[in-house]
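Structure, as structure tokens:
All values below were derived from every heavy atom in this structure, side-chain atoms included, with hydrogens, water molecules and symmetry-related copies excluded.
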Amino acid sequence: MMLFLESCAIFGPPTELDDTKGLSAERIYEKASERMTSNDYKKAVEYLKKLESRYPNSKFGAQAQLDMAYAFYKQEDAAQCVSTVERFIKIHPNHPNLDYAYYLKGVAYFKQRGVIEKLTFQDISDRDSKILRQSFLAFKDLLLLYPNTRYGKDATERMIYLKNKLADHELHVARHYMKINAYVAALNRAKFMIETYPDSNYIEEALVIIISAYDSLGMNDLKEDSLRILKQNYPNSSMFAKSKDIKKKDWWKFWDKD
């Protein structure tokens, strides 16, 4: 017994056997696929990394990168998923599944948005909008490069959602500027939102902020011009309700969410 312990101390703990040694690219891919099917994504990634390193120029080597990105996505590791996708796009610019790569990149960011919302218990439109933009731009690239992709419908629906979230984020900032009487900053933010997201659900509120900001700045001509635009496009706006005093400078508070 003592001899055995001494032997272990000399040679160290036993190393894990490589069950892919001598296997073909196809067989290693099969083993990775089996792990993916059983949701063992960590082990699947190990197989896929070995496959890619040993057979980088095979058809299975390229597919291994895509499957690896998906496995990272399923593990909610958006950073690894995106970096793997971007490497795939760079190495295989003519791959037939390139549209899927762009789609997966957008979905990875989109899922990360949801994780952050759950962790913070706060609408992400009130926070840093970087993740929203990254997801939106990935889907935008997909639709520009592959307008007929089978992922087009889902990507478009996600972009509509993201666009409204991004617009809401801009107005959240504009509302903050109104609260601290930074009217020029609020004005610029609301204008930027309208120019950038002209078909979002928040145009009416942006116009109201613009009107309120012009009113506070004493720029009556521009305020009246903006009022005419609001009346033309939103004749039933809350601003025109009989119970509201349209001479007040804090009309924007009708939409204040804080």
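The shortest side-chain heavy-atom distance between I180 and Y177 falls under the 4.5 Å cut-off. Residues R133 and L166 are in side-chain contact: their nearest non-hydrogen atoms beyond the backbone lie under 4.5 Å apart. By the 4.5 Å heavy-atom criterion applied to side chains, Q65 and I91 are counted as neighbours. Side-chain contact between V45 and Q75 is present, with at least one heavy-atom pair separated by less than 4.5 Å. F60 is not listed as a side-chain neighbour of E52, based on a closest heavy-atom distance of 4.5 Å or more. Taking the side chain as every heavy atom from C-beta outward, S216 and N181 never approach each other to under 4.5 Å. Two residues are said to be in side-chain contact when any heavy atoms from C-beta on lie closer than 4.5 Å; H169 and K165 fail this criterion.
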Go through the steps to decide whether Y41 and R35 satisfy the test side-chain contact (heavy atoms from CB on, under 4.5 Å), and finish with yes or no. CA-CA 7 Å; Y41 299 109; R35 294 291 184 168; over 6 Å; no
As a quick check of understanding, evaluate side chain to side chain donor-acceptor pair (under 3.5 Å) for Q63 and D67, giving each step before the final call. CA-CA 6 Å; Q63 188 60 44; D67 288 3; 2.9 Å; yes
Evaluation steps, side-chain contact (heavy atoms from CB on, under 4.5 Å), between K223 and I210: CA-CA 8 Å; K223 181 194 77 173; I210 288 171; over 6 Å; no
What verdict does the side-chain contact (heavy atoms from CB on, under 4.5 Å) test give for I203 and Y234, after you've listed the backbone C-alpha separation in whole Å, the side-chain angles of each residue and the deciding distance to 0.1 Å? CA-CA 10 Å; I203 301 300; Y234 301 95; 3.3 Å; yes
Under the criterion side-chain contact (heavy atoms from CB on, under 4.5 Å), I'd like the reasoning laid out for L222 against L217: C-alpha separation, chi angles, the key distance, then a yes or no. CA-CA 10 Å; L222 292 173; L217 291 167; over 6 Å; no
Report, one line per pair, each donor and acceptor closer than 3.5 Å where one atom sits in a side chain of residues 92-101; sequence neighbours left out.
from	atom 1	to	atom 2	distance (Å)
H95	ND1	N97	N	3.0
D99	OD2	T149	OG1	2.8

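A cation-pi arrangement is present between R158 and F110, with the terminal nitrogen or guanidinium carbon under 6.0 Å from the aromatic centre and inside a 45° cone about the axis. The cationic atom of K74 (NZ for Lys, CZ for Arg) does not lie both less than 6.0 Å from the six-membered ring centre of F72 and within 45° of the ring axis.
Remark: E205 engages R175 in a salt bridge, criterion side-chain N to carboxylate O under 4.0 Å. Comment: E46 engages K43 in a salt bridge, judged by a side-chain N to carboxylate O separation of less than 4.0 angstrom. A salt bridge does not link K191 with E195: none of the charged nitrogens is closer than 4.0 Å to a carboxylate oxygen.
With hydrogens and angles ignored, the 3.5 Å screen pairs no side-chain donor or acceptor of S135 with any backbone N or O of I131. Using a distance-only test at 3.5 Å, with no hydrogens or angles considered, a donor-acceptor pair links the side chain of N164 to the main chain of N201. A side-chain donor-acceptor contact under 3.5 Å links S58 to the backbone of Y55. Using modelled atom types, one side-chain atom of N233 and one backbone atom of I229 make a donor-acceptor pair closer than 3.5 Å. Although no hydrogens or angles enter the test, the distance criterion places a donor-acceptor pair under 3.5 Å between the side chain of S53 and the main chain of K50.
Exactly one of Y146, Y151, Y70 qualifies for a ring pair (Phe, Tyr, Trp, His ring centres under 6.0 Å) with Y103. That residue is Y151.
Note that CG of L48 and OG of S33 are 7.5 Å apart. Values are rounded to the nearest 0.5 Å. Note that CG of L162 and CZ of F136 are 7.5 Å apart. Values are rounded to the nearest 0.5 Å. To the nearest 0.5 angstrom, Y29 atom OH is 12.0 Å from E34 atom CD. Taken to the nearest 0.5 Å, the NZ atom of K111 stands 11.0 Å off from the CG atom of D77. Put simply, CG on D225 and CE on M219 are 10.5 Å apart, with the number rounded to the nearest 0.5 Å. Between the CG atom of L230 and the OG atom of S237 there is a distance of 4.5 Å, given to the nearest 0.5 Å.
I209 and V173 are members of different hydrophobic clusters when ILVMFWY side chains are connected at heavy-atom separations under 4.5 Å. Placement of F88 and M36 within a single hydrophobic cluster is found when ILVMFWY residues are connected by side-chain heavy-atom separations under 4.5 Å, directly or transitively. Under the 4.5 Å side-chain heavy-atom criterion for grouping Ile, Leu, Val, Met, Phe, Trp and Tyr, L145 is connected to I89 within one hydrophobic cluster. Side-chain heavy atoms closer than 4.5 Å link hydrophobic residues (I, L, V, M, F, W, Y) into clusters, and following such links, possibly through other members, connects M68 to L23. The cluster map of Ile, Leu, Val, Met, Phe, Trp and Tyr, joined by side-chain heavy atoms under 4.5 Å apart, puts Y214 and L207 in the same cluster.
Crowding of D221 atom CG: a count of heavy atoms from other residues, nucleotides or ligands under 6.0 Å not exceeding 12.
Nearest heavy atom pair, residue A78 against residue A108, reads CB-O, 3.8 Å. Residues Y47 and I28 approach most closely at O-CG2, 3.6 Å, considering heavy atoms. For the residue pair M193 and E170, the shortest heavy atom distance occurs at CG-CB, 3.7 Å. When every heavy atom of A174 is checked against every heavy atom of A186, the shortest pair comes out as O-CB, 3.6 Å. Summarising the geometry of L66 relative to L104, their closest heavy-atom pair is O-CD2, 4.3 Å, with the distance given to 0.1 Å.
Taking the salt bridge (charged side-chain N to carboxylate O under 4.0 Å, His left out) definition, one finds that D199 meets it with K163, sequence neighbours left out. Residues passing the side chain to side chain donor-acceptor pair (under 3.5 Å) test with K31: none are found, sequence neighbours excluded.
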